[in-house]
2 protein chains.
Amino acid sequence: MPKVRGATMSDVAREVGVTAKTVSRVVNGDGPVAEETRARVLEAMARLGFRPNLLARNMRVGARDSTVGLVIPDMGNPFFGTLAGGFETAVRSRGLTLIVGSSNETSELERSLISTFLARRVTALLVVPSADSEHRSLRAERAAGLPVVFLDRPAAGVTADCVVSANREGARAGVAHLIAHGHRRIAFIGDSPKLYTRRERFQGYRDALAEAGIPFDRALVEIGHDHEAAAAAVGRVLGGTAPATAVFAANNFAATGAVLGLARLGRRDVALVGFDDLPLAEVLDPPLTVVAQDPAEIGRAAAGLLMSRLDGDRSKARTVVVPTRLVARGSGELPAP
Amino acid sequence: MPKVRGATMSDVAREVGVTAKTVSRVVNGDGPVAEETRARVLEAMARLGFRPNLLARNMRVGARDSTVGLVIPDMGNPFFGTLAGGFETAVRSRGLTLIVGSSNETSELERSLISTFLARRVTALLVVPSADSEHRSLRAERAAGLPVVFLDRPAAGVTADCVVSANREGARAGVAHLIAHGHRRIAFIGDSPKLYTRRERFQGYRDALAEAGIPFDRALVEIGHDHEAAAAAVGRVLGGTAPATAVFAANNFAATGAVLGLARLGRRDVALVGFDDLPLAEVLDPPLTVVAQDPAEIGRAAAGLLMSRLDGDRSKARTVVVPTRLVARGSGELPAP
DNA sequence: ATGAAAGCGCTAACAT
DNA sequence: ATGTTAGCGCTTTCAT
């Protein structure tokens, strides 16, 4: 294993015939340094390929590591990727670097990642909590002043800052859109009810029905964890004596599954609104109407929350709700028969 | 700004009435410690909420920081996200943490990120180089033993390990697939020729034509940087006196643009093969045939390369080519008229 | 304008 | 089985 040790300040100092402290002054531009000395130091730095060791600096200064730890379920999911990107861009100017890990929605990996991040003395912690995790252990860290923000879903076990989408209101708006086009039999296809986002969106669905005075029908509620399950669910809600005329798909998989299911059935008369946008939504036939989330904004909001905490804001935990936006493209505007 | 300073080994030691070194022994389980001492140390650690400071440890041990710096153009792009995920999973067991930054395809941000990572003394550096960047400055780091791997595209200025998709061969296979279905007038819609991946894929396109003895026709080559441009390009190659009967879309945008363009023209008779898979490919009508890349495998391959370097492999720079896979779904199997 | 000494939190290499 | 000393690379605090 090669020693990758680079030149240190002392190395540079020795070259020039000064002390490490002088080099430090040149590097950080604080104390006064003679022009000629500075020049020679800079020259030696360049010649030796010196890079100041940021970790040693942080340690001596007593600062935490200039990183923010982010735990997301899956880096390949563009929702979380975009969120991370929005956050990173927003904190970059503050000199913070993003360190990420994916939990695969398991509480074990999540715990282990958080633990690593804390051992690294991250400046702040951002977590998309997995379904079954709890975070009592973070109370002490929070009490000690470590900013903690939960993303996309609130956490169990701690009260902490949190940024979520307007799931309930977004779903309400999506379903109201279908109702406005004359539908009264609207199916809901979503995740398992144990998921926070599904519960919220389901509430929004019921809100919209209630507002319009449409009775709730259990038979129109289906679970579809993946494409195929959702496609099958579409078949069920479209059958029976009082079939649905419209579908509200409460997540990405449900939406694409619904598209697939409708295509297989050759049904071009069923209205469809999905929750969360898809890159190909507009090339579908008909183009898919969705309730779009704004993951980059969730990241930015988290960054804002975090930075205000770093600036000394000790007020009680806040929850930021990031608005969704109804994007009407065609599939949701099919009229009721 | 709150002091988030946690308990140190000395704090724990003082509590128990031993020396820091003893606590260190307990934490790292190296030297011998009396059962009773160990118990009391553990108790004190728990009580004080002690977390060993990994950064201080790495510094003292003379190890580099246990992170790998990864520079990608865009975290929201699932290709890079999946790549990062594949890498992260593969190196996790080695105790390496991923630190990421996005360059937005700009050489300035890329340079700045690399610089930050080097200042943090990352264990290794992974870069998806932006088009106009050059990395001469990394020669010294490489020479000093820092593992550097370029991803998706080779870099200018340094010879280093590199992992890329089988762009040329993949494109060749995709176009050959169209030829096998009787097409002889096959359009190529892709990025600007200054991009490495486009150049490779274009070569593959020409390889396939040459193999089949089909003359190359400049008029069938179009640039489409985004959906709309690609959709428009489709219109052009389908017009004229000798229109295309099939389209090879050399990237994601070109592929979705082509789908859009064909839909707008109401053309269901034109065969289409895209390069790089899409989550919705199978719900399109007809389902989209693609040459799928394997971003997770690119990440894993990079991890493998990297770890062998960390294990002392000093052999000359290697380039790993990750195979692509033709996924026939329907759009590519439409027969030539 | 520059330097000397001490120490951030931890551990290597010795003691004892 | 435990403690001492020194020092990783840097910066603080005081000198000079």
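It should be emphasised that the depicted structure is a prediction, and the values quoted were computed from it without experimental measurement. Chain naming here is simple, since letters A, B, ... match the order of the sequence lines and numbering starts at 1 in each.
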*Could you tell me which residues satisfy salt bridge (Lys or Arg N to Asp or Glu O under 4.0 Å) with A:Arg51, sequence neighbours excluded, listed by chain and number?*
B:Glu141

*Any chance the side chains of A:Ser165 and A:Asn167 put a donor and an acceptor closer than 3.5 Å?*
no

*salt bridge (Lys or Arg N to Asp or Glu O under 4.0 Å) involving A:Glu108 - partner list, sequence neighbours excluded*: none

For a quick test of your reading: what N or O donor-acceptor pairs under 3.5 Å do the side chains of residues 76-89 of chain A make, sequence neighbours left out?
{"from": "A:Asn77", "atom 1": "OD1", "to": "A:Phe79", "atom 2": "N", "distance (Å)": "2.8"}
{"from": "A:Thr82", "atom 1": "OG1", "to": "A:Pro78", "atom 2": "O", "distance (Å)": "2.6"}
{"from": "A:Glu88", "atom 1": "OE1", "to": "B:Ser102", "atom 2": "N", "distance (Å)": "3.4"}
{"from": "A:Glu88", "atom 1": "OE1", "to": "B:Ser102", "atom 2": "OG", "distance (Å)": "2.6"}
{"from": "A:Glu88", "atom 1": "OE2", "to": "A:Arg92", "atom 2": "NH1", "distance (Å)": "3.2"}
{"from": "A:Glu88", "atom 1": "OE2", "to": "B:Ser102", "atom 2": "N", "distance (Å)": "3.0"}
{"from": "A:Thr89", "atom 1": "OG1", "to": "A:Gly85", "atom 2": "O", "distance (Å)": "2.9"}

*asked:* Going by the rule salt bridge (Lys or Arg N to Asp or Glu O under 4.0 Å), which residues pair with A:Asp11 if we only count those two or more places apart in sequence or in a different chain?
replied: A:Arg14

*Step by step, would you call A:Asn104 with A:Thr106 a side-chain hydrogen bond (donor to acceptor under 3.5 Å, both in side chains)?*
CA-CA 5 Å; A:Asn104 289 322; A:Thr106 68; 5.9 Å; no

_Below 4.0 Å from chain A heavy atoms, what is the first contacting nucleotide of DNA chain D and what is the last?_
D:dC8 to D:dT12

*Near-strand residues of residues 31-41 of chain A, defined as heavy-atom separation under 4.0 angstrom from DNA chain C*: A:Pro32, A:Val33, A:Ala34, A:Thr37

*With no hydrogens and no angle check, do the side chains of A:Thr67 and A:Asp65 hold a donor and an acceptor under 3.5 Å apart?*
yes

*asked:* I need the single residue from A:Ile99, A:Val100, A:Thr97 that forms a side chain to side chain contact (heavy atoms under 4.5 Å, CB included) with B:Val100. Which is it?
replied: A:Val100

*asked:* Between A:Glu15 and A:Arg47 (salt bridge meaning N to carboxylate O under 4.0 Å), is one present in this structure?
replied: yes

*Could you list by number each residue of residues 14-26 of chain A showing a heavy-atom separation from DNA chain C of less than 4.0 Å, or answer none if no residue does?*
A:Gly17, A:Val18, A:Thr19, A:Lys21, A:Thr22, A:Arg25

*Indicate, with a heavy-atom threshold strictly under 4.0 Å, whether B:Asn28 touches base, sugar-phosphate, or nothing.*
sugar-phosphate

*Sequence neighbours excluded - salt bridge (Lys or Arg N to Asp or Glu O under 4.0 Å) pairs with any residue from residues 153-164 of chain A*: A:Glu105-A:Arg153, A:Asp161-A:Arg309

*asked:* Tell me the bend of the helix from C:dA1-D:dT16 to C:dT16-D:dA1 as the angle between end helix axes, each from five pairs, rounded to the nearest 10 degrees.
replied: 40°

*Listed by chain and number, what are the salt bridge (Lys or Arg N to Asp or Glu O under 4.0 Å) partners of B:Asp152, not counting sequence neighbours?*
none

Could you go through nucleotides 6-9 of chain C and list every protein N or O atom that sits under 3.5 Å from one of its N or O atoms, giving the distance for each pair?
{"from": "C:dG7", "atom 1": "N2", "to": "A:Arg60", "atom 2": "NE", "distance (Å)": "3.3"}
{"from": "C:dG7", "atom 1": "N2", "to": "A:Arg60", "atom 2": "NH1", "distance (Å)": "2.9"}
{"from": "C:dG7", "atom 1": "N3", "to": "A:Arg60", "atom 2": "NH1", "distance (Å)": "3.0"}
{"from": "C:dC8", "atom 1": "O2", "to": "A:Arg60", "atom 2": "N", "distance (Å)": "3.4"}
{"from": "C:dG9", "atom 1": "OP1", "to": "B:Arg5", "atom 2": "NE", "distance (Å)": "2.9"}

*Do A:Val18 and A:Thr37 come close enough that some side-chain heavy atom pair is under 4.5 Å?*
yes

*asked:* Could you check whether any side-chain heavy atom of B:Leu118 comes within less than 4.5 Å of a side-chain heavy atom of B:Leu138, counting everything from C-beta outward?
replied: yes

*asked:* Quiz question: by atom type and distance under 3.5 Å, do the side chains of B:Ser137 and B:His135 form a donor-acceptor pair?
replied: no

*List for me each residue that meets side-chain hydrogen bond (donor to acceptor under 3.5 Å, both in side chains) alongside A:Arg300, sequence neighbours excluded, and say none if there are none.*
A:Glu297

